[in-house]
Participant: 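Dumping the structure here so I can ask a few things about it.
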Amino acid sequence: MQPAPLPLTAPLADYEAQALALDFSPDEAHSALAKSYDFADWKAISAFVAAIAPRDPAVYPFEAAVDAIVERDLVTLQSLLHAHPGLVHARSTRITRFDPPVHRATLLHYVAANGTESYRQKSPA
C-alpha cells in the first residue's frame, strides 16, 4: 500500500501514524513506510524530519524547491531560486534505499520526473 504523501513539513508523528495504519508490527511498519517514501530506513525519515522542521538551510530550501517543481508551483520555485541562487547547483542529501544511498539528484532531475522518490514521480507541465 502506498500511503498518501505527506506535506514536506509533516511532523514525525504523522509518519508514525501512517506506519501504524499498515497493520504490521511496529518495526515492520516503520520499515515498510520508509521504503514507501524511498528512504533507507526509519532513522533516515527521522533525520529528514529533524532537518525539515527547523527549516535547516542545508536541506529545507532544496526539498521545498523539489516540491514546488513536482506540484507545478512556479511562483514558489522562483521565490526559492531568488532567495537561494545556489539551489541550481544543489544536490539532494536524502538517505535512500537505493545504491548509492545518497542519490544527490539535482532540481533538474525532478523537472524530468527522474527523481528517485516514487511518490514524487510526476511530469510537470
Side-chain angles (χ1 to χ4, degrees):
M1 175 192 121
Q2 177 67 35
L6 291 171
L8 180 60
T9 57
L12 191 58
D14 289 358
Y15 289 94
E16 181 75 24
Q18 280 190 333
L20 296 178
L22 296 177
D23 198 29
F24 296 128
S25 73
D27 286 343
E28 290 172 323
H30 285 160
S31 179
L33 189 74
K35 286 185 169 110
S36 77
Y37 281 99
D38 295 319
F39 282 100
D41 51 29
W42 189 254
K43 182 179 175 183
I45 286 181
S46 298
F48 177 77
V49 171
I52 293 298
R55 298 188 179 215
D56 180 336
V59 178
Y60 181 82
F62 181 85
E63 293 294 335
V66 169
D67 276 3
I69 289 169
V70 171
E71 297 303 322
R72 301 172 176 101
D73 183 350
L74 186 58
V75 172
T76 297
L77 180 60
Q78 288 173 327
S79 175
L80 286 162
L81 290 171
H82 179 73
H84 307 277
L87 286 175
V88 297
H89 301 291
R91 292 183 172 268
S92 175
T93 59
R94 283 178 177 241
I95 308 292
T96 70
R97 61 189 178 101
F98 304 107
D99 187 26
V102 178
H103 61 69
R104 299 188 36 80
T106 65
L107 293 179
L108 187 58
H109 287 99
Y110 295 94
V111 170
N114 288 323
T116 63
E117 299 90 27
S118 58
Y119 72 98
R120 284 178 158 170
Q121 294 300 310
K122 298 178 184 177
S123 295

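Just so you know, these numbers use all the heavy atoms, side chains as well, and skip hydrogens, waters and symmetry mates.
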Participant: Could you tell me if the side chain of Val66 sits less than 4.5 Å from the side chain of Leu107, heavy atoms only?
Facilitator: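 Contact flag for Leu107/Val66 side chains = yes.
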Participant: Could you tell me the separation between the OG1 atom of Thr93 and the CD atom of Glu63, rounded to the nearest 0.5 Å?
Facilitator: 6.5 Å
Participant: Give the intermediate values and the outcome of side-chain contact (heavy atoms from CB on, under 4.5 Å) for residues Val75 and Asp73.
Facilitator: CA-CA 6 Å; Val75 172; Asp73 183 350; 4.0 Å; yes
Participant: Less than 4.5 Å apart, any side-chain heavy atom of Pro54 and any of Tyr60?
Facilitator: no
Participant: Honestly curious: do Tyr15 and Leu20 fall in one hydrophobic cluster under the side-chain, below-4.5 Å linking rule?
Facilitator: no
Participant: Membership question, hydrophobic clusters at under 4.5 Å side-chain separation (ILVMFWY): are Val88 and Leu74 in the same one?
Facilitator: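 Looking at the clustering, Val88 is in a separate group from Leu74.
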Participant: Test your reading of the model: is there a side-chain donor-acceptor pair from Gln18 to the backbone of Ala4, 3.5 Å cut-off?
Facilitator: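 Checked: pair present.
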Participant: Is there a donor-acceptor pair closer than 3.5 Å between any side-chain N or O of Glu28 and the backbone N or O of Ser25?
Facilitator: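 Here the side-chain-to-backbone pair exists.
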Participant: Do you know the tightest heavy-atom contact between Tyr37 and Pro3?
Facilitator: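 Looking at all heavy atoms of both residues, the closest pair is CE1-CG, 4.3 Å.
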Participant: Yes or no on side-chain contact (heavy atoms from CB on, under 4.5 Å) for Leu12 and Ser46, after CA distance, side-chain angles and deciding distance?
Facilitator: CA-CA 7 Å; Leu12 191 58; Ser46 298; 3.7 Å; yes
Participant: Taking all non-hydrogen atoms of both residues into account, name the closest pair between Ala19 and Trp42 and its distance.
Facilitator: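 So the minimum-distance heavy-atom pair works out to CB-CZ3, 4.3 Å.
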Participant: Roughly how far, to the nearest 0.5 Å, is the CG atom of Leu87 from the CG atom of Leu77?
Facilitator: 8.5 Å
Participant: Side chains of Ser79 and His82: donor-acceptor distance under 3.5 Å anywhere?
Facilitator: no
Participant: For the OH atom of Tyr110 and the OG1 atom of Thr106, what is their distance to the nearest 0.5 Å?
Facilitator: 8.5 Å
Participant: Can you say whether the rings of Phe39 and Phe48 are parallel (under 30°), tilted (30 to 60°) or perpendicular (over 60°)?
Facilitator: tilted
Participant: When rounded to the nearest 0.5 angstrom, what is the spacing between CG in Asp38 and CD1 in Ile95?
Facilitator: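 So the CG of Asp38 and the CD1 of Ile95 are separated by 13.5 Å.
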Participant: So, do Arg104 and Ser92 sit near enough that their side-chain heavy atoms are less than 4.5 Å apart?
Facilitator: no
Participant: Is there a side-chain contact between Phe62 and Arg94, using heavy atoms and a 4.5 Å cut-off?
Facilitator: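 With C-beta onward as the side chain, the pair stays apart.
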Participant: Look at the side-chain heavy atoms of Ile, Leu, Val, Met, Phe, Trp and Tyr, link any pair under 4.5 Å apart, and say whether Leu8 and Leu33 land in one connected group.
Facilitator: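 Same cluster: Leu8 reaches Leu33 through Ile, Leu, Val, Met, Phe, Trp or Tyr contacts under 4.5 Å.
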Participant: Taking atom CG of Asp41 and atom CG of Asp27, what is their separation to the nearest 0.5 Å?
Facilitator: 11.5 Å
